[in-house]
**Q** 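For reference, the structure I am asking about is given below.
By convention in this document, chain letters (A, B, ...) are assigned in the order of the sequence lines, proteins followed by strands, and residues within each chain are numbered from 1. Note: hydrogens, waters and symmetry copies are ignored here, and every other heavy atom, side chains too, is used.
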Amino acid sequence: GAVVSQHPSWVICKSGTSVKIECRSLDFQATTMFWYRQFPKQSLMLMATSNEGSKATYEQGVEKDKFLINHASLTLSTLTVTSAHPEDSSFYICSAGNPGRMNTEAFFGQGTRLTVV
Amino acid sequence: SQQGEEDPQALSIQEGENATMNCSYKTSINNLQWYRQNSGRGLVHLILIRSNEREKHSGRLRVTLDTSKKSSSLLITASRAADTASYFCATVYLGGTSYGKLTFGQGTILTVHP
């Protein structure tokens, strides 16, 4: 299957600082990246969808100014959590895709566990 | 919004027994996927079933899909302690604004006792 690499796998940051998470598709062109968030003991919720070269589409209730998404190339998308607060502590995971792969298994990164102290 | 419902929310069985998890969804789908997640870790893809399929097998896994009832089930036969994990169903609809995104169910926590 396709390989999606997400970095870092875990990060601890101080409240008020910003954290950047990278998601790379290593062996295919990812025209679309999906960013999900999972709070402890809960399911995964889609935060936003980004298409290469255009602005991300955010799900209802997700603050676009707080969660900045950049998808400037076909192999890299980044999620920046700005002015992080303890309530942003969560598991963030990306998924990469393109039109030819949408009806196949999704390819996820390894996930990033963010802890804000 | 989360559309999938899974039941049971938690399942505890003995090694060697079969485990059945159910998933229901609300909208049209193109495919339904099952994932496993070990505590605090990433997702492992288990199996995908397309909307025109009714049943698929992969090793000890059997998945069924009933689009008329908007439901799916995952059966793990001869369970092992290593199967202990959370299991999620996720649906994909290739239409409208939701093109390609996965909508996850609430998940089933499976515990297999040695």
**Q** If you count every heavy atom of other residues, nucleotides or ligands that lies below 6.0 Å from B:Glu15 atom CD, does the total exceed 12?
**A**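 Count over threshold, so yes.
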
**Q** Do other residues, nucleotides or ligands put more than 12 heavy atoms under 6.0 Å from B:Arg60 CZ?
**A** yes

**Q** When rounded to the nearest 0.5 angstrom, what distance separates CD in A:Gln42 from OG in B:Ser86?
**A** 12.0 Å

**Q** Measure A:Gln38 against the heavy atoms of chain B and call it side chain, backbone, both or neither at under 4.5 Å.
**A**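 Side chain only.
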
**Q** Take a 6.0 Å sphere around NE2 of A:His7 and say whether it holds more than 12 heavy atoms from other residues, nucleotides or ligands.
**A** no

**Q** Side-chain contact, heavy-atom cut-off 4.5 Å: A:Gln110 with B:Arg41?
**A**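 Contact flag for A:Gln110/B:Arg41 side chains = no.
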
**Q** Tell me whether A:Phe91 shares a hydrophobic cluster with A:Phe67, the cluster being built from Ile, Leu, Val, Met, Phe, Trp, Tyr side chains joined at under 4.5 Å.
**A**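 No, A:Phe91 and A:Phe67 fall in different hydrophobic clusters.
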
**Q** In the structure I gave you, are the side-chain heavy atoms of B:Tyr35 and A:Leu44 within less than 4.5 Å of one another anywhere?
**A**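 No, too far: nothing below the 4.5 Å cut-off.
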
**Q** Under 4.5 Å between side-chain heavy atoms, hopping through other hydrophobics if needed: is there a path connecting A:Val4 to A:Tyr92?
**A**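 In one cluster with A:Val4: A:Tyr92, no.
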
**Q** Going only through I, L, V, M, F, W and Y residues with side-chain contacts under 4.5 Å, is there a path from B:Met21 to B:Ile13?
**A** yes

**Q** In terms of heavy-atom proximity below 4.5 Å to chain B, should A:Thr104 be classed as side chain, backbone, both, or neither?
**A**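 Contact with chain B: backbone and side chain both.
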
**Q** Sort by residue number and list every member of residues 42-52 of chain B having a non-hydrogen atom under 4.5 Å from chain A.
**A** B:Gly42, B:Leu43, B:His45, B:Leu48, B:Arg50

**Q** Establish whether A:Phe107 and A:Met47 are linked, either directly or via other cluster members, by ILVMFWY side-chain heavy-atom contacts under 4.5 Å.
**A**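 Hydrophobic grouping puts A:Phe107 apart from A:Met47.
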
**Q** Which value, rounded to the nearest 0.5 Å, describes the distance between B:Gln37 atom CD and A:Phe108 atom CZ?
**A** 10.0 Å

**Q** Please identify, among A:Gly97, A:Ser9, A:Ala106, the residue contributing the most non-hydrogen atom pairs under 4.5 Å to chain B.
**A**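 Of A:Gly97, A:Ser9, A:Ala106, A:Ala106 has the most heavy-atom pairs under 4.5 Å with chain B.
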
**Q** Would you say B:Gln9 has more than 12 foreign heavy atoms packed within less than 6.0 Å of its CD?
**A**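 Count not over threshold, so no.
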
**Q** Out of curiosity, A:Ser43 OG to B:Glu6 CD, how far, rounded to the nearest 0.5 Å?
**A** 7.0 Å

**Q** Between A:Val11 and A:Ile69, is there shared hydrophobic-cluster membership here, with clusters defined by ILVMFWY side-chain heavy atoms closer than 4.5 Å?
**A** yes

**Q** More than 12 non-hydrogen atoms from neighbouring residues, nucleotides or ligands closer than 6.0 Å to NZ on A:Lys20, yes or no?
**A**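 No, because the 6.0 Å sphere around NZ of A:Lys20 holds 12 heavy atoms or fewer from other groups.
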
